[in-house]
Amino acid sequence: SLCPCLTRTKLDKFSSIFIVSNQFYVYHIALMPYFIEFLIDNWFIVIPLIFSLFALYLLDRISKAINLEPHKGVVLINKKNALVIDIRSQKEFDEGKISQARHVGPDLEVCKKEIAKADGKPVILVCQNGTNSSRMASDLKKEEISVFVLKGGINNWVSEKLPLVN
C-alpha cells in the first residue's frame with residue numbers, strides 16, 4: 001500500500017507523518033531535525049546572519065521617511081496637494097523639475113523652513129536618485145519631521161515616463 005520508494009522503515013527513519021486523504025497516500029517527511037542540525041553545525045554563519053537581519057530591521061525602523069513610488073507620488077500631489085521639495089543642485093533643477101516643486105538645494109535648514117510652510121500637507125523630498133533625499137529624511141527624522149522620499153528620485157520619475165517642466 002506504500003509507494004515502493006518510501007518504505008515504512010524510511011518513513012520511520014525520517015520521523016515522517018503518513019496521511020490518508022481521499023484514498024490517496026500523501027507522505028510528509030519532517031525535515032525539521034535536519035534544519036536544526038544544519039543551524040547547529042553552521043553556527044558561525046547563522047549568528048552573523050541573524051545579527052545582519054536584525055541590523056537591517058533596525059535601519060528600516062529608524063528612517064521615518066516612507067519611500068514613495070512615482071505613480072503614488074502623483075496621486076499624493078494631485079489628491080492631497082503634497083509639497084514637493086527638490087534638493088538637487090540648481091543646475092540639475094534647471095534641467096527639469098516636477099511641476100510645482102520648490103527648490104531648496106541640499107541645505108537642511110532651508111528645507112525645514114519650507115516644510116514649516118506646508119501647513120500639515122504631505123511633503124515629498126526629491127533628489128536625482130533617491131540617495132540624498134533619504135539622507136536628508138533621516139536628518140529630518142531627528143527633528144521629528146516626517147516626510148516621503150521619492151523612490152529612485154528624478155531618475156525613476158523619468159523612467160516611469162512622467163513629465164518634467166523646465
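Remember, predicted model here, so these are calculated numbers, not experimental data. Below, each value reflects all heavy atoms present in this structure, side chains not excepted, and no hydrogens, waters or symmetry copies.
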State, to 0.1 Å, how close [X] and [Y] come at their nearest heavy-atom pair, and which atoms those are.
X      : Y      : answer
Leu150 : Pro70  : CD1-CA, 3.8 Å
Gly130 : Ser133 : O-OG, 3.3 Å
Asp94  : Asn166 : O-OD1, 4.1 Å
Ile85  : Cys111 : CG2-SG, 4.1 Å

Group every Ile, Leu, Val, Met, Phe, Trp and Tyr by side-chain heavy-atom contacts under 4.5 Å, then state whether [X] and [Y] land in the same group.
X      : Y      : result
Val149 : Val74  : no
Val165 : Val158 : no
Val84  : Ile154 : yes
Trp157 : Phe93  : no

From [atom1] ([X]) to [atom2] ([Y]), nearest 0.5 Å:
X      : Y     : atom1 : atom2 : result
Ile124 : Leu76 : CD1   : CG    : 4.5 Å
Ser89  : Glu95 : OG    : CD    : 7.5 Å
Leu49  : Phe44 : CG    : CZ    : 12.5 Å
Ile45  : Leu39 : CD1   : CG    : 10.5 Å

Pairs where [range] contributes a residue and the test side-chain hydrogen bond (donor to acceptor under 3.5 Å, both in side chains) is met, not counting sequence neighbours:
range            : result
residues 67-77   : Glu69-Lys151
residues 98-107  : Gln90-His103, Arg102-Glu114
residues 120-130 : Arg88-Gln128, Gln128-Asn155, Asn129-Thr131

* Do you know which of Ile87, Asp86, Ile115, Leu125 makes side chain to side chain contact (heavy atoms under 4.5 Å, CB included) with Val104? ->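 In the set Ile87, Asp86, Ile115, Leu125, the residue that makes a side chain to side chain contact (heavy atoms under 4.5 Å, CB included) with Val104 is Ile87.
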
* Taking side chain as C-beta onward, heavy atoms only, is Leu108 less than 4.5 Å from Leu140? ->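 SC-SC contact between Leu108 and Leu140 confirmed.
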
* Could you check if a side-chain atom of Val123 sits within less than 4.5 angstrom of a side-chain atom of Ile145, using non-hydrogen atoms only? =>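 Answer no - side chains too far apart.
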
* Kindly write out the residues that satisfy side chain to side chain donor-acceptor pair (under 3.5 Å) with Lys97, not counting sequence neighbours, or none if the list is empty. =>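 Result, side chain to side chain donor-acceptor pair (under 3.5 Å) vs Lys97: none returned.
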
* Take Asp139 and Lys142 through the side chain to side chain contact (heavy atoms under 4.5 Å, CB included) test and state the conclusion after the steps. => CA-CA 5 Å; Asp139 292 341; Lys142 295 173 187 169; 3.8 Å; yes

* To do: Could you tell me which residues satisfy side chain to side chain contact (heavy atoms under 4.5 Å, CB included) with Ile47, sequence neighbours excluded, listed by chain and number?
  =>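 Partners of Ile47 by the side chain to side chain contact (heavy atoms under 4.5 Å, CB included) criterion, ordered by chain and then number, come out as Trp43, Phe51.
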
* In chain order, what residues pass the side chain to side chain contact (heavy atoms under 4.5 Å, CB included) check against Val75, with sequence neighbours excluded? ->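 Here the qualifying residues are Lys79.
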
